[in-house]
Q: 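Once you've had a glance at the structure underneath, I'll fire off some questions.
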Amino acid sequence: QVQLVESGGGSVQSGGSLRLSCATSGVTYSQYCMGWFRQAPGKEREGVVSIDRNAWTKYAESVKGRFTISRDNAKNTLYLQMNSLRPEDTAMYYCAADNTPCAAKSFSLLAPDFGYWGQGTQVTVSS
């Protein structure tokens with residue numbers, strides 16, 4: 001059974017940093033595509049970044065150069081380091097997984113392409 005549990009959200013000022021964590025179980029990183037998504041009030045869920053078994057990544061243009069995804073296989077944990085945060089980064093952030101390789105779906109950052117989701121962690125950036 002796949003379980004994803006996010007943590008690390010909070011409130012920061014513009015320009016600050018946060019590191020989100022996603023503790024995973026039932027996921028084999030060599031077989032799963034992992035990703036981070038976010039959803040602001042009144043907006044659709046949008047993809048932030050995906051990472052495949054080879055650690056190849058795809059970032060949304062809006063976060064390139066500011067956000068970094070990583071994982072610790074020994075700890076079964078996925079991370080999202082967020083630097084230079086902006087008010088527009090304010091959203092609920094979700095960890096996602098799918099047992100279809102990222103490459104098989106062209107490193108999609110579309111929510112329907114991921115079958116497993118965490119409960120989310122809130123990030124609020126004030127100006």
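Numbers here are sequence positions counted from 1. Since this is a predicted model, take the numbers as computed values, not measurements.
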Q: Work out which heavy atom in Phe114 is nearest to a heavy atom in Ser50; give both atom names and the distance.
A: CZ-CB, 4.4 Å
Q: Please tell me if the side chains of Arg38 and Val123 come closer than 4.5 Å, counting only heavy atoms from C-beta onward.
A: no
Q: Would you mind reporting whether Val49 and Val63 have side-chain heavy atoms less than 4.5 Å apart?
A: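 Not touching, per the 4.5 Å side-chain cut-off.
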Q: Is atom CZ of Arg66 surrounded by more than 12 heavy atoms (other residues, nucleotides or ligands) closer than 6.0 Å?
A: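 It does: Arg66 CZ has more than 12 such atoms within range.
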Q: Quick check for you: to the nearest 0.5 Å, what is the distance between Lys58 atom NZ and Ile51 atom CD1?
A: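 Those atoms lie 14.5 Å apart.
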Q: Compare all side-chain heavy atoms of Val27 with those of Leu4 and state whether any distance is below 4.5 angstrom.
A: yes
Q: Quick one: does Glu6's side chain have a donor or acceptor within less than 3.5 Å of a partner on Gly120's backbone?
A: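 Indeed, once roles are kept as given, a pair shorter than 3.5 Å links the two residues.
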Q: Rounded at 0.5 Å granularity, tell me how far OG in Ser127 sits from CZ in Arg86.
A: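 Taking OG in Ser127 and CZ in Arg86, the distance rounds to 14.0 Å.
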Q: Apply the test side chain to side chain donor-acceptor pair (under 3.5 Å) to residues Thr24 and Asn76: give CA-CA distance (whole Å), side-chain angles for both, the deciding distance (0.1 Å), then the verdict.
A: CA-CA 5 Å; Thr24 68; Asn76 295 318; 4.9 Å; no
Q: Please answer: with hydrophobic residues joined when any side-chain heavy atoms are less than 4.5 Å apart, are Phe67 and Val12 in the same cluster?
A: yes
Q: Calculate, to the nearest 0.5 Å, the distance between atoms CD and CG belonging to Gln81 and Leu20 respectively.
A: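 Reported to 0.5 Å precision, the distance equals 8.5 Å.
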Q: What pair of heavy atoms forms the shortest contact from Cys102 to Met34, and how long is it?
A: SG-N, 4.3 Å
Q: Nearest 0.5 Å, please: how far is OG in Ser21 from CZ in Arg71?
A: 15.5 Å
Q: Within the side chain of Tyr116, is there an N or O that forms a donor-acceptor pair under 3.5 Å with the backbone of Cys95?
A: no
Q: Keeping Asp98 on the side-chain end and Gly115 on the backbone end, is there a donor-acceptor pair under 3.5 Å?
A: yes
Q: Linking I/L/V/M/F/W/Y whenever their side-chain heavy atoms sit closer than 4.5 Å, directly or via other members, would Tyr93 and Leu109 fall into one cluster?
A: no
Q: In Å, rounded to the nearest 0.5 Å, how long is the span from CG of Asp113 to OG1 of Thr100?
A: 8.5 Å
Q: Determine the minimum heavy-atom distance between Arg45 and Tyr94, stating which atoms define it.
A: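 So the two residues come closest at NH2-CZ, 3.4 Å.
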Q: Roughly how far, to the nearest 0.5 Å, is OG1 of Thr124 from CE of Met92?
A: 9.0 Å
Q: For residues Arg53 and Ser30, report the shortest heavy-atom separation together with the two atoms involved.
A: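 Where Arg53 meets Ser30 most closely, the heavy atoms are CD-O, 3.0 Å.
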Q: Could you tell me whether the side chain of Asp52 and the main chain of Asn54 form a donor-acceptor pair under 3.5 Å?
A: yes
Q: Report yes or no: do Val48 and Tyr29 belong to one cluster of Ile/Leu/Val/Met/Phe/Trp/Tyr joined by side chain heavy-atom distances under 4.5 Å?
A: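 Yes, because Val48 and Tyr29 connect within a single hydrophobic cluster, where side-chain heavy atoms sit under 4.5 Å apart.
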Q: Please tell me whether Tyr59 and Trp36 are part of a single hydrophobic cluster in this structure, the criterion being side-chain heavy atoms less than 4.5 Å apart.
A: yes
Q: Report yes if the side chains of Val5 and Gln119 come closer than 4.5 Å at any heavy-atom pair, otherwise no.
A: yes
Q: Identify the heavy atoms of Ser14 and Pro87 that sit nearest to each other, and give their distance.
A: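 Nearest heavy atoms, Ser14 then Pro87: OG-CD, 3.8 Å.
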Q: Are Phe107 and Leu78 connected into the same hydrophobic cluster when the rule is that any two of I, L, V, M, F, W, Y join if their side-chain heavy atoms are below 4.5 Å apart?
A: no
Q: Taking the side chain as C-beta and beyond, is there a heavy-atom pair between Val2 and Tyr32 under 4.5 Å?
A: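 Touching, per the 4.5 Å side-chain cut-off.
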Q: Give me the atom names and distance for the closest heavy-atom approach of Phe37 to Ala111.
A: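 Looking at all heavy atoms of both residues, the shortest contact is CE2-N, 3.5 Å.
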Q: Side-chain contact, heavy-atom cut-off 4.5 Å: Glu88 with Val125?
A: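 SC-SC contact between Glu88 and Val125 ruled out.
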